[in-house]
Amino acid sequence: MYQATVGSGFGLIWTRWQAGIRAFPISWRQLLWFQMAFAMVAGALLSPSLAWLLDRLIRSTGDYAISNFDLLSFFLSPRGMAFLAGTGATGLALLYLELTGLLLISADPDRPIGALNGLRFALRQVPKLLRLGLLQLVGLAAAAAPFVGGIAIVKLTLLNDHDINYYLYYKPSEWTQALALGAAIALVGVACLLFLALRWLFALPILLSSHSLPFRCLRDSWVLTKGHVSETLGTLGGWWVAASAVGMVCVSLLNLLAEVLLEWAGLRPALVFFLVSVLLTLLLTVTLAASFFTKGVNAGLINRLYSEFCGGSTVIPPDLNPSVGASERVGPIRMLWLGIIIV
């Protein structure tokens, strides 16, 4: 169970970050176990559709080289629209499925539930997760529509006399005006969408803990986040910004190391090939580890905020046993085998 965090301003945010980072080592094995199992589920669901897409494109064009026009023609066809709808729904369900597992496993640092236990529960909630995701998607699309329309009006009003290449080359005054107006409209639109996303942030935790209907979960989340938007944005948004900044520094250091090593290798092909392979493997490993750590702590922060705002409640539903059985304890051998299967 999470303890209430005391403080204000950046000190409160920093305290939450520290608590989230300290809680991560407790449940990291189960989180990793879940991520590996989830990768297998996602691959099993998406691979057949992508293979079918590639087969249809090759059959329709008769060539292995597929142009952007071929892609656009296919996606505008009835089959292409059906493919986009099916794949989009699957991707949305997978997004919520992953977040559900991460939230459940990191909900109670003292007694993390088993990864497979969380995955089984999340799979049973897919219909509800999909309805909630579609409801949020429709709401965000409806909120974005006026801003998209405003940008379209700016384009038709100021940039309707010539094609885009003319404006890019000559950069007349109406081009500058259109850019300024479009940027202002887009900025306000992004701010509104972010505000909506923050007000609906706890719809998923409420759905998991109470089994309420998706629309009621959105309404309850709106009530729950009243007066907490800024601190929620500071806690979660600040965490992603800080994690991204650290990631960029790590990538820059790896690039610097690569430049030094490749300059040292000179024109020796075997050594260059070996160094490139090692550096790419290192970059992939660092990227995956950073993503795993960032998402794991982010799920813990969402749980912490939900617990604080709800007076100690947790996302774990009453009918889910928050314990790790012996069959779900993750050892190095299991991790190795799962990693080999996924690769």
Test item: [X] side-chain N/O and [Y] main-chain N/O as donor-acceptor pair under 3.5 Å:
X	Y	result
S252	M248	yes
R216	L213	no
T285	T281	yes
S221	C217	no

Minimum-distance pair of heavy atoms, taken over all atoms of [X] and [Y]:
X	Y	value
L135	P214	CD2-C, 4.1 Å
L116	A37	CD2-CB, 4.4 Å
G266	V272	O-CG2, 3.6 Å
L31	G296	CD1-CA, 4.2 Å
A299	L103	O-CD2, 3.7 Å
L207	S212	CD1-O, 3.1 Å

Would you compute the distance between atom [atom1] of [X] and atom [atom2] of [Y] and round it to the nearest 0.5 angstrom?
X	Y	atom1	atom2	result
Q177	T157	CD	OG1	11.5 Å
L129	L92	CG	CG	9.0 Å
R16	L236	CZ	CG	9.0 Å
Y306	L201	OH	CG	11.0 Å
L97	L130	CG	CG	11.0 Å
L305	L224	CG	CG	10.0 Å

[X] versus [Y]: any side-chain heavy-atom pair under 4.5 Å?
X	Y	value
F309	T232	yes
T100	Q125	no
N255	L283	no
V315	I302	no
E98	K295	yes
V297	W17	no
W28	L32	yes
L218	Q136	yes

Find out if a path of hydrophobic residues (ILVMFWY) with successive side-chain heavy-atom gaps under 4.5 Å connects [X] to [Y].
X	Y	answer
V126	I206	yes
V278	F273	no
F274	V276	yes
L253	L282	no
Y170	W175	yes

message: Run the side chain to side chain contact (heavy atoms under 4.5 Å, CB included) test on W33 and L119 for me, step by step, so that the C-alpha distance in whole Å, both residues' side-chain angles and the decisive distance to 0.1 Å come before the verdict.
response: CA-CA 10 Å; W33 182 237; L119 181 61; over 6 Å; no
- prompt: Should D220 and F202 be marked as a side chain to side chain contact (heavy atoms under 4.5 Å, CB included) after you check the CA-CA gap, both sets of side-chain angles, and the distance that decides it?
  reply: CA-CA 8 Å; D220 292 344; F202 299 117; over 6 Å; no
task: Go through the steps for T235 and L12 under the test side chain to side chain contact (heavy atoms under 4.5 Å, CB included), then give the verdict.
output: CA-CA 9 Å; T235 301; L12 175 61; over 6 Å; no
task: Step by step, work out the side chain to side chain contact (heavy atoms under 4.5 Å, CB included) result for F195 and L233.
output: CA-CA 9 Å; F195 176 78; L233 177 61; over 6 Å; no
- request: Classify the ring geometry between W200 and W222 as parallel (under 30°), tilted (30 to 60°) or perpendicular (over 60°).
  value: tilted
statement: Per side-chain contact (heavy atoms from CB on, under 4.5 Å), L158 is matched among I153, L179, T176, L181 by L181
- prompt: With a 3.5 Å cut-off and no angle check, do the side chains of W240 and N298 form a donor-acceptor pair?
  reply: yes
query: Below 6.0 angstrom between ring centroids: does that apply to F34 and F292?
result: no
